[in-house]
Structures are given as structure tokens and as C-alpha cells.
Amino acid sequence: MILKTLPLFGLSMLAMAPPAAARECARSPGNVLELCVSVENGEALYQVRRGDVTVIAPSRLGLRFAGEGDPRFTAIDDAKRTSVDTTWEQPWGEQRLVRDHHQELSVTLTGDTALNKSVGVTFRLFDDGLGFRYNYGAIPAGQAVSVVADHSQFRTVGAYQAWWYPGLGGERDEYLYGQSDARRITLAETPLTLKGDNGLYLSFHEAALVDFPSMLLEGDGAGGYDAWLMPWPDGVLARKTGPFTTPWRTVLVGETPGALADSRITLNLNEPSKLPDIGKWFKPGKYVGVWWEMHLEKSTWGSGPKHGANTANVKRYIDFAAKYGFDGVLVEGWNRGWDGDWIANGDKFSFTEAYPDFDLAEITRYGKAKGVKLIGHHETGGAIENYARQLDPALKLYADTGVSLIKTGYVRPSGTMVDGEGRLQWFAGQYAVRHHLDVVKRAAKLHIAINTHEPVKDTGLRRTWPNWVSREGARGQEFNAWGNPTNPPEHMTILPFTRMLAGPMDFTPGIFDIARQGKELTRRVQSTLATQLAEYVVIYSPIQMAADLPENYEARPHAFGFIRDVPADWEQSKTLQSVIGDYVVVARQQRGKGDWYLGAVGDEEARDIAQPLAFLAPGKRYEAQIYADGPGADYRTNPEALMIEKRIVTRTDTLSLKLAPGGGAAIRFRLLD
Ligand code: NOJ
Ligand code: CA
């Protein structure tokens, strides 16, 4: 009816396609975040608000390809909105059930270059953050393209502090974090964590990093951060063929550091598992290893009179593991190639030939009889080509002997990995990203799980490939053997809100011989014994090492009780209290059981933390087995003073956690009724 009354020009307007909208907005399910995407002056922009606070000011989107200039975007077509609210189950994890509750906004940007003519951008908005990714679905199948610029920006507003270290260092991600005004960021690795004067905590990272270079963030000195992708040696960022999607760029937004740590956005943005039967061949667990003794220089990786990986020594560890209920024994230095400068000569490693004093068949037979598995080790020295060539027989050798978990390693200064064409590669460019996932996929076929050291950072791929069980990717315990300096106490209060936002870490806690015959403070573990126990709860990994020598545990049987009890798989996890760089308190409920565990770790200051136990189940009583810093404990002068106490508690109680300087507390809450 109305149409009839419209003047002629109105009718013709209606007959034409509707004008392309210049702006589309969406809100997170609980209305916490609002995102708008727009096209203005040839640029595609997005912005994010949280209530009245601008989280991301209008920031650029888009990629540039070789052979064409920067695109000018002219319109947004095809905005589609979808709501999702599902819950899925992790086969193992820090939390069994994960809720994926988001609003998706997918737009198509119209650009003026051939490859940017039609670009999909999908945003997923959660109440605790967002992710977006590009979809270049219109690139014809088979067409090779080179990405030469990523214009994605994250422009913050106002004053922020950041925890970061400069990217591209030779030690990859194995650096101490510094704290500074975020505007001083030059080039930072992700997860990059910021704390604002506006009360917000932000973390920038990515999810589902597959066949693309790793993203760092380059500061512009004014609160803006530009995507900086680790390039190929010729400067190309990513080489793709045919239609492709990029990894998700993510921003976590919360009012506490714990909101970042307890966010599951990174997992939710990854594809569901491709290994439905993983539960049959990988189980979370704890392990010991012929490992710390090499880092202490008591034995060697290489052959000779002090060779650590000899059959008798390995059997000693298997006996220890069997006696105290560990699932596996890691053995490093078992294979040929360690003699001499193995970092420079990584291409000399054999992954199938053992040193003569290491009898693989006998060791695995012995372990099997005692219910302990050998954990394999492949140190590549960053010589990826040498490893890739041997990968299938190397995996088969282990699979045939019942080894179902392999630790891999890529010790080589970043930027000096030599590829198949003799070029130098970064440790996390597209070349390395491809290699790491290839190893994980090939291992999955043989039912082998992978724990990568010197890895590409985690981006939640454990959801899709749950045999990629853990990684290093930060300054771990090894630095406490030979680091100069070793890790200061505050390191453990920063990791949960930086590196750990990416995923599980094989930190390898549990050093009991802290004083090491009077070694000076900055050349040994800088914590109390209670902190070493608390790390099993504070740091999440489905495989947790008891890193010290067997005799050091047997000399301290009471403290060792906590390591024997603590599980490596959880029903749920909660970050209870924290100040980044000062202290952190985490509680986790054992999967399949009602017991809870709590870990608290502080920096070099002593403090008394009141911790309500409201996370415990209503109406239940628990025996709290408390491992606390003892009288006079101090990481500098008296690190081993430990007090073990038992109390009956309920969820209405509040515990006072008294942390010594460099101290901690570890508690098992054993469900009584
Ligand atoms: C570095 C790893 O992080 C460490 O755990 C390992 O012992 C050495 N590389 C040797 O592979
Ligand atoms: Ca390392």
C-alpha cells in the first residue's frame, strides 16, 4: 500500500540493491562489549567499547599482497549475525567443560584491488573478549599469493602498563618480563598483557595459528599496536595458495588479571578435536627424568664416562618412578649427535641410533613391567630439515617400543634456523609453524603426544590436536640451574598472566635442593620449598615433571607427599586473587574427584593473604593439608623451612596464607564427606 503512494524516484530506489552500509555493530551476549566495523576514507576500521570505556579506538584491518598496492575499501556488504551458546568437553585440561557463548558478526569488505576485492572478516564477541580473522575465500583455487603487509591494528586509549620483553631475541621466548608504560613497547611477543588506569586488563594474542607466520605487536609510541608477522627471508610474510583464512587475532578484556587467566576464548576459537580417541592413548600425568642432573653438570648429554642416559641410570629412575607413582621417565641424551657443539651441529643428530650404553628395548621392557613409560626425546638443535627427514622412522621406533609421549626441542638462536634452501629462518615464521604442526599430525597417526620446547607459541591448537599436550616457550626451571641470573621470585607471579594465557607450559617445577651447597642466590632457584610445591597448581600442564634428582625427594619425604598427591588434570580452575608481579592464588578441582588444590606464590616481599574458601562445595567438609612456609622461611637465607599442617575446613572458612619472601603455599583439600 505504501509503495503505491511513493513518488517515482522512491520506487526506483527500492528496485535497486540497498546502499552498502558503512558501519555494522554487534554486542557480546551479555551486552558487555560492543564492536563496530566501518569503512571510512578508503580504510576498513573496527572499534570496541566496554560500557563507556573505549577499549579499541578505530583501528585498521586488512592485508596487502605482493603485486598490488594497499586496497582502498569502499563498502561493507553482507553483514551476517549468528549467536552461539554451546558447551563442549575437553579430553584433558584445566577445565573439563568449556562454554562457548558468543555473538558472531561476519562482514564482507569490498576493496579496489584484485585480491582484496571481496574480503570476509569474522568477529566473535564474547563477554570477556573478542577475536577476528580474515577470510580470503574469493581467491581462486590454485592461485599462489604472497602476503606482504598485515595492517591489523589495536589502538588503545589512555595510560596502560605492559609486561613484555623485546621480540626477535636470540633466546626466542626465554626472557624475563619487564614492566613499563605500554607506550614504550617496541616489538613485543604475544600474549601481550596490559593494565589500564581505567581498571581494565587487556591481553592481545592469536588463536589457531596454522600455516601462517606468528604475530608480534609493534608499538607506535602512542598506545597503538600494529600486527608484525615474522617474515620469510625474502620479506614475504605468508605464502598461501587459493582461498584461505588467517589465524584469529584476539583481545581479552577483563577487570582483574584472573579474568584473563580464566578466559577460554583462545580454545573456543580453535576447531574441535580431530582426535576423538585421544583419551585411549594419552592420559595426563606426572613424570621424572634423566634431565636436571645434566643441567647441574653431574652427567652429560654426550657420550663418555659421565653419560647420563645409560641403561643402569635409567633403570634407577624407573624404579624411583614406580615406587612413587609417576607415569613416565624422560631420558635426554640417548641418541647420537650430542657430542661437541650440538647447537651448531643439530644436523648431526640421529633420531634412531642410540648410544651403545642405552638399550632402548631393554629399558622399555623394564619400564613396562613396572608400569612406567619411557618418555622420548628429540632435540633437533633447530635443524628442522634433518629432523623432518628422519621423522617417520624416528616416530616409528618409539611407537614400536611403546613410547607415547615425546619431548621435542629446537635450541638454536632465533633467526638462524637453516631451511631446505639454505636460508635463515625465524623460530616462529610460517616455515617453523608448518613444521611444528606437521610433527604433531604425524605423531598423532602413531598415537604419540608431543611436548615442544623452544616452540612456536601456543594458540589453543591443543583443542584441535589434543596430542600437542604441552610446550615450553618461556624461561622455565632450566634457567634456575645455569641462568645468570636465575628466575627471580616475581617471574612466577607474571607467567600466569602472560605466557600461560597461551596454554599449558612444561615449566618442570619441584626443585627441592634449593640451596645447592651454598650457591649464590642469583645462580640457584630463587624460591622457598613451599613455592616449588605451589607451582604444580599455579602452572597448568597436563604433564608435570618432578624435576629434581630422586635422592633430593627421598631426603624430604614429607614435602614430596604433595607432589605425589597433586593431579595433572582438572574439573575446573579458578584464579582467586592476584596482582601481576606481586602474587597469585589459584584453585583447581581434581577431575573425577571432589578434591581441590590451591597454589599461592608471591614475589620477594613477605605477605599475608586472607583467602576465603568459597570455591569449595557447599555442605562438605575437607581435610586441608597445608604446605606453608615455615618459621623463618626466606628464599634468600632459609628456603627450605616448611610447615605441614592439617585442618578440617568448609567453604565458610577463610585461610590466612602467610607467604615468606619468595614464598608460597600449597594446599590439598581432601573431600571428607
Ligand atoms: C632446552 C630444553 O628446554 C631443555 O629442557 C633440554 O634439556 C635442553 N634443551 C636439551 O635438549
Ligand atoms: Ca628451553
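Owing to the predicted nature of the structure, the values given are computational and were not obtained by experimental measurement. Every number for a ligand or one of its atoms is a count from 1 in the order of the listing.
Ranking the protein heavy atoms by distance from atom 4 (C) of ligand 1 puts E478 OE1, 3.2 Å first. The closest protein non-hydrogen atom to atom 3 (O) of ligand 1 is H453 ND1, 2.7 Å. Protein heavy atom closest to atom 9 (N) of ligand 1, with residue, atom name and distance, is V411 CG2, 3.3 Å. Nearest protein neighbour of atom 7 (O) of ligand 1, counting heavy atoms only, is E332 OE1, 2.6 Å. Here the heavy atom of the protein found nearest to atom 11 (O) of ligand 1 is E379 OE1, 2.6 Å.
Taking the N/O/S atoms of E174 in turn, the shortest distance to the Ca ion (ligand 2) belongs to OE2. E454 contributes atom OE2 as its closest N/O/S atom to the Ca ion (ligand 2).
The shortest separation from a heavy atom of W338 to ligand 1 is under 4.0 Å, placing the residue in contact. Contact annotation: H377 has at least one heavy atom less than 4.0 Å from an atom of ligand 1.
With contacts defined as side-chain heavy-atom distances shorter than 4.5 Å, the pair I384/M417 qualifies.
Taken from CD in E189 to CG in L192, the straight-line distance is 10.0 Å, to the nearest 0.5 Å. To the nearest 0.5 Å, atom OH of residue Y583 and atom CD of residue E490 are 15.0 Å apart.
In the vicinity of E472, heavy-atom distances shorter than 4.0 Å reach the ligand 1 atoms 3 (O). Listed by atom number, the atoms of ligand 1 under 4.0 Å from W291 heavy atoms are 4 (C), 5 (O), 6 (C), 7 (O).
When ring centroids are compared, H295 and W301 come within the 6.0 Å threshold. Close placement of the F512 and Y553 rings is indicated, their centers lying within 6.0 Å of each other.
When the salt bridge (charged side-chain N to carboxylate O under 4.0 Å, His left out) test is applied to E520, no partner is found at least two apart in sequence or on another chain. Partners of D569 according to the side chain to side chain contact (heavy atoms under 4.5 Å, CB included) rule, which considers only residues two or more places apart in sequence or in another chain, are W92, P284, R591.
Between the side chains of R463 and Q90, no donor-acceptor pair is found at a separation under 3.5 Å. Side-chain atoms of H435 and Y410 include a donor-acceptor pair closer than 3.5 Å.
Of the candidates E454, E174, K407, the one placing a heavy atom closest to atom 5 (O) of ligand 1 is K407.
Geometry note: the Ca ion (ligand 2) is the vertex, E472 OE2 and E478 OE2 are the arms, and the angle is 70° (rounded to 10 degrees).
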